[in-house]
Amino acid sequence: MNRPREAQPREILQLLSMLDQAYDHRSWHGTNLRGSVRGVSLRQASWRPGRGRHNIWELVVHAAYWKYAAWRRIAGASRGAFPIAGSNWFRRPQQATERAWRADLALLDDMHRRLCAAVSSVPPRRLYRKHKGSADSSFSLIAGAAAHDLYHAGQIQLLKKLGAR
């Protein structure tokens with residue numbers, strides 16, 4: 001059941017606000033995840049700071065995967081619905097094309113929308129229940145997803161500076 005945002009309970013509104021500010025809405029803390037990749041070129045996205053280190057593109061797909069993982073837990077969906085085979089870290093680029101880069105950015109956007117839709121449907125009384133097989137509640141998972149976005153936004157900002165040398 002997805003209610004319009006203005007009809008959401010306060011706890012859900014706060015969590016949605018946290019997710020959106022960490023992802024693509026204006027906030028006091030500076031650059032969010034989507035803002036950190038705004039204007040990033042194919043070359044910048046593919047640049048790797050060292051052997052065995054992740055590039056911006058891999059951070060984008062990693063963030064999309066964990067939005068999917070949070071969505072899956074909250075929605076009660078089964079594993080295997082992420083559109084890319086594997087989990088957690090995905091070697092990028094597979095094809096170093098602008099089209100492939102834009103497709104992975106679109107995947108990130110889609111996973112964010114799905115996560116927010118799932119959060120919108122959580123009854124507040126379920127926010128603090130732990131998920132089966134996990135020590136984390138929905139509240140913890142959702143707040144953690146926002147923190148995860150900001151953590152990787154900072155990494156991306158640093159990678160952009162390092163790659164500009």
Side-chain angles (χ1 to χ4, degrees), residues 1-40 45 54-90 92 100-160:
M1 158 180 96
N2 281 346
R3 294 178 286 264
R5 281 220 177 176
E6 60 277 359
Q8 294 288 348
R10 177 179 285 174
E11 301 98 315
I12 299 299
L13 284 173
Q14 288 172 328
L15 288 167
L16 289 168
S17 178
M18 287 169 57
L19 286 170
D20 284 341
Q21 286 180 30
Y23 186 64
D24 66 353
H25 284 48
R26 188 183 171 125
S27 59
W28 69 269
H29 54 68
T31 307
N32 53 40
L33 184 59
R34 202 60 174 86
S36 72
V37 294
R38 186 175 299 116
V40 168
H54 297 294
N55 60 30
I56 291 172
W57 198 333
E58 289 168 346
L59 291 171
V60 163
V61 178
H62 168 79
Y65 176 79
W66 284 104
K67 284 177 178 292
Y68 151 79
W71 163 82
R72 186 179 54 75
R73 282 251 164 124
I74 292 164
S78 58
R79 290 181 182 204
F82 193 66
I84 303 170
S87 63
N88 200 13
W89 291 106
F90 303 83
R92 288 293 192 258
W101 168 230
R102 296 287 163 221
D104 282 341
L105 288 171
L107 175 64
L108 180 64
D109 289 338
D110 183 48
M111 292 300 119
H112 182 75
R113 279 190 297 275
R114 283 187 191 198
L115 177 56
C116 288
V119 170
S120 293
S121 68
V122 174
R125 69 184 179 281
R126 276 193 35 224
L127 280 175
Y128 302 99
R129 289 188 193 151
K130 293 189 184 339
H131 290 271
K132 184 180 177 184
S134 173
D136 294 317
S137 66
S138 290
F139 184 91
S140 175
L141 187 62
I142 296 161
H148 188 252
D149 278 1
L150 292 174
Y151 174 76
H152 289 303
Q155 284 184 314
I156 290 168
Q157 292 295 86
L158 287 171
L159 286 169
K160 290 188 318 190

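Given the structure is predicted, the values throughout are model-derived calculations rather than measurements.
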Using distance only, find each side-chain donor-acceptor pair of residues 59-66 under 3.5 Å and give its atom names and separation, not counting sequence neighbours.
from: His62; atom 1: ND1; to: Asn88; atom 2: O; distance (Å): 2.9
from: His62; atom 1: ND1; to: Asn88; atom 2: OD1; distance (Å): 3.0
from: His62; atom 1: NE2; to: His148; atom 2: NE2; distance (Å): 3.1
from: His62; atom 1: NE2; to: His152; atom 2: NE2; distance (Å): 3.2
from: Trp66; atom 1: NE1; to: Asn88; atom 2: OD1; distance (Å): 2.7

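With sequence neighbours left out, the salt bridge (charged side-chain N to carboxylate O under 4.0 Å, His left out) criterion links Arg34 to Asp109. Ser137 is linked by a side-chain hydrogen bond (donor to acceptor under 3.5 Å, both in side chains) to nothing, counting only residues two or more places apart in sequence or in another chain.
Remark: side-chain polar atoms of Lys160 are not paired, donor with acceptor, to backbone N or O of Ile56 under 3.5 angstrom.
Across Trp71 and Ala81, no two heavy atoms sit closer than the pair CZ3-CB, 4.5 Å. Summarising the geometry of Glu58 relative to Phe90, their closest heavy-atom pair is CG-O, 3.2 Å, with the distance given to 0.1 Å. Considering all non-hydrogen atoms of both residues, Val119 and Leu16 come closest at CG1-CD2, 3.7 Å. Across Ala118 and Ser121, no two heavy atoms sit closer than the pair O-OG, 2.8 Å. Here the closest non-hydrogen pair linking Lys130 and Ser134 is CB-O, 3.8 Å. Here the shortest heavy-atom pairing between Ala45 and Val40 reads N-CG1, 3.6 Å.
For the pair His131/Ser138, a side-chain contact is recorded, criterion being any heavy-atom separation below 4.5 Å from C-beta on. Annotation: side chain of Ile84 is in contact with side chain of Arg92 (closest heavy-atom distance under 4.5 Å). Between Tyr68 and Leu107 the shortest side-chain heavy-atom distance does not fall below 4.5 Å. The closest side-chain heavy-atom distance from Thr31 to Ile156 is not below 4.5 Å.
Atom CG in Leu108 sits 6.0 Å away from atom NZ in Lys67 (nearest 0.5 Å). Note that CG of Leu33 and CZ of Arg38 are 10.5 Å apart. Values are rounded to the nearest 0.5 Å. In this structure, CD1 in Ile74 is found 4.5 Å from CG in Leu141, a value given to the nearest 0.5 Å. A distance of 10.0 Å separates CD in Gln155 from OG in Ser36, rounded to the nearest 0.5 Å. Here the SG-CD1 distance, from Cys116 to Ile12, works out to 11.0 Å after rounding to the nearest 0.5 Å. Remark: Gln21 CD to Asp149 CG distance equals 12.0 Å, nearest 0.5 Å.
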Could you please spell out the steps behind the side-chain contact (heavy atoms from CB on, under 4.5 Å) verdict for Arg72 and Phe82?
CA-CA 9 Å; Arg72 186 179 54 75; Phe82 193 66; over 6 Å; no
